[in-house]
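So the structure is just underneath, and the comments pick up after that.
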Amino acid sequence: MIKLIASDIDGTLVRDGENTLNPELYDEILRLRAKGIQFVAASGRQWHSIERIFDPIKEKIFYVSDNGAYVGCHGRNLFLTTIDRQLVMDLVRDIRACEDLDVMVSGPDVVYLDTDDQEFISWLENSYRFEVKRVDDITKVEDQFIKVSAYRKHNVEEGARAIREKYQDRLKLTISGDMWMDCMAKDVNKGAAIRQIQESLEILPEETMAFGDQLNDMEMLGRAYYSYAIGNARPEVKAAARFQADTNVNNGVLKVLRLL
């Protein structure tokens, strides 16, 4: 019997950066919850953004945000994994030194930017609906840090290659779509976060279903026997998943949930 369902958001439930779900998904999640099946929204987004996109049912689901660095539910953090401050500062300086890369640093509740690109800031606030704080210098911020993100408008995987090679042994680095490379503490990933929820609720991987499309979903799919790659997923994700659903624009996840 399925007891836990976890789904990525961008590229899986919506197009990257969109913030409107098919309203039928809310109804389906509530119907499944009435049968004792829990739902987890697992994303590279911050928890505020997840809560806003799931607003009608925000009190009824779990959040895995920042690729697993933050695990919680409505108004309550359950697990938080921070990054060493000096490591964050070194990484910020190296990202700044790369051509065409912008840097964003995530605290538990807000993302920090020191860019002057107002269009970029507005895009984060209005598309992803992040809680954003513009500062003069990120390296002067006093906060806990849970994620550092390198942004490039296209093909961040190529633009951030040098960063990956330098930090891959010290941080968990993952590509989240075409524009973002996310950097977290070494053992942080969506799969580890799902394991924390499973162990807390005494739910087995054999009782878990998961959906994803990108490399940052791979570990999460590995924690679910019923692992689904969305039709528009990367080839590596399709190869790792046991099953395949329709594309995000064709409501692939919703179609599978209706079968339950």
Just grab all the ring-ring contact (aromatic ring centres under 6.0 Å, His included) pairs involving residues 4-38, residues at least two apart or on different chains.
-> none
Output all residues satisfying ring pair (Phe, Tyr, Trp, His ring centres under 6.0 Å) with Tyr112, sequence neighbours left out; order by chain, then residue number.
-> none
What distance separates Arg96 CZ from Thr115 OG1, expressed to the nearest 0.5 Å?
-> 10.5 Å
Which residue pairs satisfy the side chain to side chain donor-acceptor pair (under 3.5 Å) criterion with at least one member in residues 76-88, sequence neighbours excluded?
-> Gln86-Asp90
Return the set of residues passing ring pair (Phe, Tyr, Trp, His ring centres under 6.0 Å) with Phe79 (not counting sequence neighbours), or none when no residue passes.
-> none
Contact list for residues 241-260, test ring-ring contact (aromatic ring centres under 6.0 Å, His included), sequence neighbours left out | Tyr228-Phe243
How far does CD1 of Ile2 sit from CD1 of Ile37, to the nearest 0.5 angstrom?
-> 7.0 Å
Tyr226: partners by ring pair (Phe, Tyr, Trp, His ring centres under 6.0 Å), with sequence neighbours left out = none
For Asn155, check side chain to side chain contact (heavy atoms under 4.5 Å, CB included) against everything at least two apart and list the hits.
-> Arg152, Glu157, Glu158, Asp178
With sequence neighbours excluded, residues passing side chain to side chain contact (heavy atoms under 4.5 Å, CB included) with Lys255 | Asp246, Asn250
Rounded to the nearest 0.5 Å, how far apart are CG of Leu201 and NZ of Lys3?
-> 10.0 Å
Cut-off 3.5 Å, no hydrogens considered: what does the side-chain donor-acceptor table look like for residues 102-110, sequence neighbours left out?
{"unit_1": "Asp109", "atom_1": "OD1", "unit_2": "Trp47", "atom_2": "NE1", "d": "2.9"}

Could you grab the distance from atom CE of Met181 to atom CE of Met179, nearest 0.5 Å is fine?
-> 15.0 Å
Could you go step by step and tell me if Asp8 and Asp213 meet the side chain to side chain contact (heavy atoms under 4.5 Å, CB included) rule?
-> CA-CA 8 Å; Asp8 172 52; Asp213 74 305; 2.8 Å; yes
Looking at residues at least two apart in the chain, or sitting in another chain, which of them share a side-chain hydrogen bond (donor to acceptor under 3.5 Å, both in side chains) with Glu119?
-> none
Kindly state each residue pair satisfying salt bridge (charged side-chain N to carboxylate O under 4.0 Å, His left out) with at least one member in residues 34-43, sequence neighbours excluded.
-> none
Qualifying residues under ring pair (Phe, Tyr, Trp, His ring centres under 6.0 Å), relative to Tyr151, sequence neighbours excluded = Phe120, Trp123, Trp180
